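Inspection log for the structure reproduced underneath, given as structure tokens.
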Amino acid sequence: MIIKLFFSLILAIIIIFFLAIVLIMLGTAKIFFSAFKGINGRKTPADFENERIKMEGKVHQMKMSLVPWNGHTINDITNDLDYNSLKWFPSKLTGYIISPNNENLIAFQRIEANDCRILAESTEFKIFMEYNYPELTVDFNGIYLGKIVNFMQILDHDGYLIGHLDRNNPSDSYTVTFNSGREIKIRKSRDNKGYKRKNSMITRRRGKLEPLTVKTEQYTPYSLINVRYHDLDFEELKWIAAIAVFESVNYSYTFD
């Protein structure tokens with residue numbers, strides 16, 4: 001009787017072991033399938049919607065660490081980021097745009113595979129952008145604002161041309177010109193992760209989790225724009241805010 005129970009126990013252990021292997025293999029296959037879909041861009045509209053919902057949940061949670069937008073302007077949008085990064089399929093950059101006063105001003109997440117999606121939120125507004133070359137589409141507070149084509153033409157929500165820009169010029173800035181005649185200069189950002197004083201990534205050192213300090217040459221962040229509110233109408237203000245956020249989140253860090 002004891003021997004029979006012993007062999008039954010051994011058989012049960014073997015079965016559980018093989019089931020565990022099968023589950024691990026299925027989980028691994030799912031991960032690689034998801035990565036394969038990311039590489040080849042084979043996402044369905046439902047996949048994109050689920051991704052957006054997850055981004056909104058993450059960024060909304062981070063919003064609790066933001067300073068109130070009241071008292072700030074779009075001039076406080078800098079290229080200074082505090083972030084976590086993950087290079088995978090898709091790659092993710094999650095963090096904050098830091099104000100000139102070293103405050104968490106805007107929470108964001110950027111997800112990048114073949115295309116790029118950015119969700120950025122302050123206590124005052126929410127901007128969602130999808131960059132699928134050559135078009136950058138923009139939603140502002142949940143409403144479709146329009147798109148930028150080839151980083152040259154700005155089209156409103158009805159597809160009408162309302163402005164121009166040319167980021168591809170060789171200088172360190174570019175000008176956004178609206179049909180109203182108003183012009184706003186945007187300072188270009190650059191990949192500055194090698195210059196960062198520190199970021200939110202952590203490392204285990206002597207058994208403790210500590211901030212990862214990058215000892216490189218000093219980096220001085222700067223505001224990307226400098227305008228007065230009365231220089232822009234309400235729609236133009238939305239566009240400049242979106243362009244500045246894209247400039248900061250997309251160009252201040254690359255996944256190279």
Side-chain angles (χ1 to χ4, degrees), residues 52 55-56 58-60 62-63 65-85 91-112 115-132 135-149 151 154-157 163 165 167 173-176 178 184-193 199 221-227 229 231-232 234-255:
R52 178 167 175 165
M55 293 176 73
E56 288 178 342
K58 178 62 177 179
V59 173
H60 184 73
M62 297 167 58
K63 186 178 173 181
S65 299
L66 298 179
V67 296
W69 181 264
N70 184 32
H72 293 83
T73 72
I74 56 175
N75 297 332
D76 293 325
I77 300 175
T78 72
N79 66 337
D80 193 15
L81 305 182
D82 188 16
Y83 55 82
N84 283 304
S85 63
S91 296
K92 293 183 180 181
L93 185 71
T94 306
Y96 300 94
I97 295 176
I98 307 301
S99 77
N101 294 326
N102 203 33
E103 305 160 313
N104 293 343
L105 186 63
I106 298 173
F108 71 85
Q109 185 170 67
R110 168 180 152 206
I111 296 181
E112 188 170 316
D115 57 358
C116 175
R117 312 183 95 202
I118 294 172
L119 180 66
E121 189 168 356
S122 72
T123 61
E124 181 73 17
F125 57 79
K126 180 169 67 175
I127 300 172
F128 181 74
M129 293 175 279
E130 293 184 88
Y131 180 41
N132 193 350
E135 296 184 349
L136 173 69
T137 60
V138 182
D139 289 3
F140 197 98
N141 285 343
I143 299 174
Y144 177 60
L145 186 62
K147 62 184 177 181
I148 299 175
V149 181
F151 281 96
I154 304 175
L155 308 180
D156 69 8
H157 59 279
L165 70 159
R167 194 188 186 280
S173 65
Y174 56 98
T175 300
V176 180
F178 292 106
I184 303 300
K185 181 175 288 188
I186 308 289
R187 298 177 69 183
K188 292 180 182 178
S189 186
R190 57 176 175 162
D191 187 348
N192 58 47
K193 60 178 175 287
N199 58 40
Y222 49 82
S223 297
L224 295 171
I225 50 182
N226 183 16
V227 298
Y229 265 101
D231 288 336
L232 301 169
F234 191 54
E235 293 301 304
E236 292 170 346
L237 192 61
K238 292 178 184 177
W239 275 109
I240 294 301
I243 292 170
V245 168
F246 185 79
E247 183 71 34
S248 180
V249 176
N250 187 68
Y251 291 105
S252 300
Y253 182 97
T254 68
F255 290 106

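All figures in this text were calculated on a predicted structure; none of them were measured in a lab.
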| request: Check the surroundings of atom NZ in Lys92: do more than 12 heavy atoms from other residues, nucleotides or ligands lie under 6.0 Å from it? | output: no
Review point. Hey, mind stepping through Cys116 and Asn250 against side-chain contact (heavy atoms from CB on, under 4.5 Å) and telling me if it holds?
Key: CA-CA 9 Å; Cys116 175; Asn250 187 68; 3.8 Å; yes
Worksheet item: Are the charged groups of Arg110 and Glu112 less than 4.0 angstrom apart, N to O?
Response: yes
When rounded to the nearest 0.5 Å, the distance separating CG of Leu93 from OG1 of Thr254 is 10.0 Å
Shortest non-hydrogen pair, Ile77 vs Ala241, comes out as CD1-O, 4.1 Å
Are there over 12 heavy-atom neighbours, none belonging to Lys185, within less than 6.0 Å of that residue's NZ?
no
Rounded to the nearest 0.5 Å, the CD atom of Glu236 sits from the CD1 atom of Ile154 at a distance of 9.0 Å
Take Ile127 and Leu119 through the side-chain contact (heavy atoms from CB on, under 4.5 Å) test and state the conclusion after the steps.
CA-CA 6 Å; Ile127 300 172; Leu119 180 66; over 6 Å; no
Do we get Arg117 above Phe128's six-membered ring, with its NZ or CZ under 6.0 Å from the centre and within 45° of the axis?
no
Sorted by chain and number, sequence neighbours left out, side chain to side chain contact (heavy atoms under 4.5 Å, CB included) with Ala107 holds for Val59, Met62, Leu66, Tyr96
Exactly one candidate in Val138, Val176, Ile184 meets side chain to side chain contact (heavy atoms under 4.5 Å, CB included) with Trp239; the answer is Val138
Applying side-chain hydrogen bond (donor to acceptor under 3.5 Å, both in side chains), run through Glu103 and His72 and close with a yes or a no.
CA-CA 11 Å; Glu103 305 160 313; His72 293 83; 2.8 Å; yes
task: Any chance you could lay out the side-chain contact (heavy atoms from CB on, under 4.5 Å) test for Tyr131 and Thr137, step after step, and finish with the verdict?
output: CA-CA 7 Å; Tyr131 180 41; Thr137 60; over 6 Å; no
Those residues at least two apart in sequence (or on a different chain) that pass side chain to side chain contact (heavy atoms under 4.5 Å, CB included) with Arg187 are Tyr222
| Taking Ser248 for the side chain and Ala244 for the main chain, is one N or O donor matched with an acceptor at less than 3.5 Å? | no
Practice prompt. Keeping the roles fixed (side chain from Asp82, backbone from Ile98), state whether a donor-acceptor pair exists under 3.5 Å.
Written response: no
Rounding to 0.5 Å, atoms CG (Leu224) and CG (Asn79) come to a distance of 5.5 Å
For Asn101, does the CG atom have more than 12 heavy-atom neighbours from other residues, nucleotides or ligands under 6.0 Å away?
yes
>> Does the plane of the ring in Phe255 sit parallel, tilted or perpendicular to the ring in Tyr253? Use 30° and 60° as the thresholds.
In response: perpendicular
### Query
With a 4.0 Å cut-off, would you call Asp139 and Lys238 a salt bridge?
no
- prompt: Is a side-chain N or O of Ser223 found less than 3.5 angstrom from the main chain of Asn75, in a donor-acceptor match?
  reply: yes
Between Ala120 and Val245 the two heavy atoms that sit nearest each other are CB-CG1, 3.6 Å
Rounding to 0.5 Å, atoms CD (Gln109) and NE2 (His60) come to a distance of 14.5 Å
When rounded to the nearest 0.5 Å, the distance separating OG1 of Thr78 from CD1 of Ile225 is 11.0 Å
Q.
Please report whether the ring centroid of Phe151 lies less than 6.0 Å from that of Phe246.
A. yes
For Leu237 and Leu232, the nearest pair of non-hydrogen atoms, with its separation, is CD1-CD1, 3.9 Å
| task | Before giving the answer on side-chain contact (heavy atoms from CB on, under 4.5 Å), spell out for Arg167 and Tyr251 the whole-Å C-alpha distance, their side-chain angles and the decisive distance to 0.1 Å. | result | CA-CA 12 Å; Arg167 194 188 186 280; Tyr251 291 105; 3.4 Å; yes
(message) Quick one: does any side-chain atom of Ser252 pair with a main-chain N or O of Asp191 as donor and acceptor, under 3.5 Å?
(response) no
Using residues 140-147 as the side-chain source, report each donor-acceptor pair under 3.5 Å to any protein atom, sequence neighbours left out, with the distance given to one decimal.
{"from": "Asn141", "atom 1": "OD1", "to": "Lys126", "atom 2": "N", "distance (Å)": "2.8"}
{"from": "Lys147", "atom 1": "NZ", "to": "Glu135", "atom 2": "OE2", "distance (Å)": "3.1"}

**Message:** Whether the side chain of Glu247 engages the backbone of Ser189 through a donor-acceptor N/O pair (distance < 3.5 Å, no angle test) should be reported.
**Reply:** yes
Between the CE atom in Met129 and the CD1 atom in Ile148, the distance rounded to the nearest 0.5 Å is 9.0 Å
